[in-house]
Amino acid sequence: MAPIDNSIKSLLIDDEAHCLETLTWQLKKFCPDIQIVDACSNAERALELLRNETIDLVFLDIEMPHMNGFELLQQFDRINFDIIFTTAYDRFAVKAFKFSAMDYLLKPIDKDELINAVEKVKLKKDQPITTEQLNILFQNLYQQNQPSQKKIALPTMDGLEFVQADDIIHCQSDGNYTHIFLKDKNKFLICRTLKEIEELLSGHGFLRIHHSHIINLNYIKKYVKGDGGYVVMIDNTSINVSRSKKEELLRLFTN
């Protein structure tokens, strides 16, 4: 009986030769399960391979001449391969990747982050990239001045839930998971810590008022005085305010 092939057939796409060479070396040294089908320096060649070969995973640079990474992906009606974006974008723009729950690696690529990204791909092999995820990524990269219109991909036990950031009323920690409560009274348990959610929603009208709670400041119905006091949200949930956060919360509404 022939041995089972568990290798991940991968395509590397980057217009910079030294980036391709470095990533090829890193994958061969640190990720032996990765079988490199080809390393392409232009999107046109990559497009041809993706249409004619079975590819499990693409390491995709975003900024390339003639056809960038997004334009390449838009050539497909359905994405049947995993994607790890390799990018020189700064940390601010990286929030767009987090909003879409897409995997990414910042250049220069750290070997531990590379290993972790490949391991994540192995775990979610049965969860293909969706058009909705790509749309969220494109919109959030290029429309960063419209925070209330931002849509977020929330990773749940069953897959992904897509919600508008402005529809979130509050978030509650549950160990390594977080409960997300929405305006329409739906709620989701997602596979992210509250700290990760705090980073994701920072700058978009949210505040962590307690070690276990983040709230949308637009949906506070009232504040009740006390040691730290507590807020009542529009869904009538009462949430304690920690003493360390009381001054910051009140300052936001008195300035």
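As a basis for the values below, the full set of heavy atoms in this structure was taken, side chains included, without hydrogen atoms, waters or symmetry mates.
- Note on Leu249 and Val232: separate hydrophobic clusters, where clusters join Ile, Leu, Val, Met, Phe, Trp and Tyr whose side-chain heavy atoms are under 4.5 Å apart, directly or indirectly.
- Rounding to the nearest 0.5 angstrom, the gap separating the NE2 atom in His213 from the NZ atom in Lys245 is 14.0 Å.
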Derivation and outcome, side chain to side chain contact (heavy atoms under 4.5 Å, CB included), residues Ile169 and Thr237: CA-CA 10 Å; Ile169 298 176; Thr237 301; over 6 Å; no
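- Remark: Asp15 engages no residue in a side-chain hydrogen bond (donor to acceptor under 3.5 Å, both in side chains) (not counting sequence neighbours).
- Between Lys187 atom NZ and Cys171 atom SG the span is 13.0 Å, to the nearest 0.5 Å.
- Under 4.0 Å is where a charged nitrogen must lie from a carboxylate oxygen, and between Asp235 and Lys185 no such pair does.
- A distance of 10.5 Å separates CG of Asp61 from CZ of Phe85, quoted to the nearest 0.5 Å.
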Asp82 vs Ile8, side chain to side chain contact (heavy atoms under 4.5 Å, CB included): CA-CA, chis, key distance, verdict: CA-CA 10 Å; Asp82 277 304; Ile8 300 172; over 6 Å; no
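- Ser41 is linked by a side-chain hydrogen bond (donor to acceptor under 3.5 Å, both in side chains) to nothing, counting only residues two or more places apart in sequence or in another chain.
- Across every non-hydrogen atom of Ile180 and Leu182, the tightest pair is CG2-CD2, 3.9 Å.
- Residues passing the side-chain hydrogen bond (donor to acceptor under 3.5 Å, both in side chains) test with His179, sequence neighbours excluded: Asp174.
- Of all heavy-atom pairs spanning Gly69 and Leu60, the tightest one is O-CD2, 3.7 Å.
- Checked by atom type and distance alone, the side chain of Gln26 pairs as donor or acceptor with a backbone atom of Ile109 at under 3.5 Å.
- Scanning for side-chain contact (heavy atoms from CB on, under 4.5 Å) contacts around Glu247 gives Arg251, with sequence neighbours left out.
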Candidate pair Ile190 and Ile197, rule side chain to side chain contact (heavy atoms under 4.5 Å, CB included), full reasoning: CA-CA 10 Å; Ile190 68 167; Ile197 298 302; 3.4 Å; yes
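- Atom CZ of Phe76 has more than 12 heavy atoms from other residues, nucleotides or ligands within 6.0 Å.
- Under the rule for a side-chain contact (heavy atoms from CB on, under 4.5 Å), the partners of Thr193 that lie at least two apart in sequence or sit in another chain are Asn176, Lys195, Glu196.
- Under the 3.5 Å distance criterion, the side-chain polar atoms of Thr22 are left unmatched by any main-chain donor or acceptor of Cys19.
- Alongside Phe181, the hydrophobic cluster contains no other residue (criterion: ILVMFWY side chains under 4.5 Å).
- Take Ser244 and apply the side-chain contact (heavy atoms from CB on, under 4.5 Å) test, not counting sequence neighbours, and it matches Ser242.
- Between the side chain of Lys246 and the main chain of Gly226, a donor-acceptor pair closer than 3.5 Å is present.
- Note on Ile84 and Ile115: separate hydrophobic clusters, where clusters join Ile, Leu, Val, Met, Phe, Trp and Tyr whose side-chain heavy atoms are under 4.5 Å apart, directly or indirectly.
- Every residue two or more places apart in sequence or in another chain was checked for a ring pair (Phe, Tyr, Trp, His ring centres under 6.0 Å) with Tyr223, and none qualifies.
- In terms of hydrophobic clustering, with Ile, Leu, Val, Met, Phe, Trp and Tyr side chains grouped at heavy-atom distances under 4.5 Å, Phe188 and Phe162 are assigned to a common cluster.
- Of all non-hydrogen atoms in Ala43 and Met64, the two that sit nearest each other are CB-CE, 4.1 Å.
- Scanning all heavy atoms of the two residues, the minimum distance from Ile209 to Asn240 falls at CD1-O, 3.8 Å.
- Residues meeting the ring pair (Phe, Tyr, Trp, His ring centres under 6.0 Å) test with Phe30, sequence neighbours left out: Trp25.
- Both Val241 and Ile234 sit in one connected hydrophobic cluster of ILVMFWY residues. Membership requires side-chain heavy atoms under 4.5 Å apart, directly or through other members.
- Ion pairing between Lys107 and Asp14 holds under the 4.0 Å rule for side-chain N and carboxylate O.
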List the atom pairs, with distances to 0.1 Å, where a side-chain N or O of residues 215-222 and a protein N or O form a donor-acceptor pair under 3.5 Å, not counting sequence neighbours.
unit_1: Asn216; atom_1: OD1; unit_2: Asn218; atom_2: N; d: 3.0
unit_1: Asn216; atom_1: OD1; unit_2: Asn218; atom_2: ND2; d: 3.4
unit_1: Asn216; atom_1: ND2; unit_2: Ile168; atom_2: O; d: 2.9
unit_1: Tyr219; atom_1: OH; unit_2: Asp166; atom_2: O; d: 2.6
unit_1: Tyr219; atom_1: OH; unit_2: Lys183; atom_2: NZ; d: 3.4
unit_1: Lys221; atom_1: NZ; unit_2: Asn236; atom_2: OD1; d: 2.4

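- If you chain together hydrophobic residues whose side chains sit under 4.5 Å apart, Leu11 and Leu47 fall into the same group.
- Separation of atoms CG (Leu23) and NZ (Lys28) is listed at 11.0 Å; rounding is to 0.5 Å.
- Closest of all the heavy-atom pairs between Ala46 and Ile13 is CB-CD1, 3.4 Å.
- Here the closest heavy-atom approach between residue Thr178 and residue Leu194 is recorded as OG1-N, 3.2 Å.
- Arg45 is linked by a side-chain contact (heavy atoms from CB on, under 4.5 Å) to Asp38, Cys40, Asn42, Glu48, Leu49, counting only residues two or more places apart in sequence or in another chain.
- In this structure, NZ in Lys29 is found 9.0 Å from NZ in Lys111, a value given to the nearest 0.5 Å.
- Applying the side-chain hydrogen bond (donor to acceptor under 3.5 Å, both in side chains) rule to Glu161 yields no partners; only residues at least two apart in sequence or on another chain are considered.
- Using a distance-only test at 3.5 Å, with no hydrogens or angles considered, a donor-acceptor pair links the side chain of Glu71 to the main chain of Asn68.
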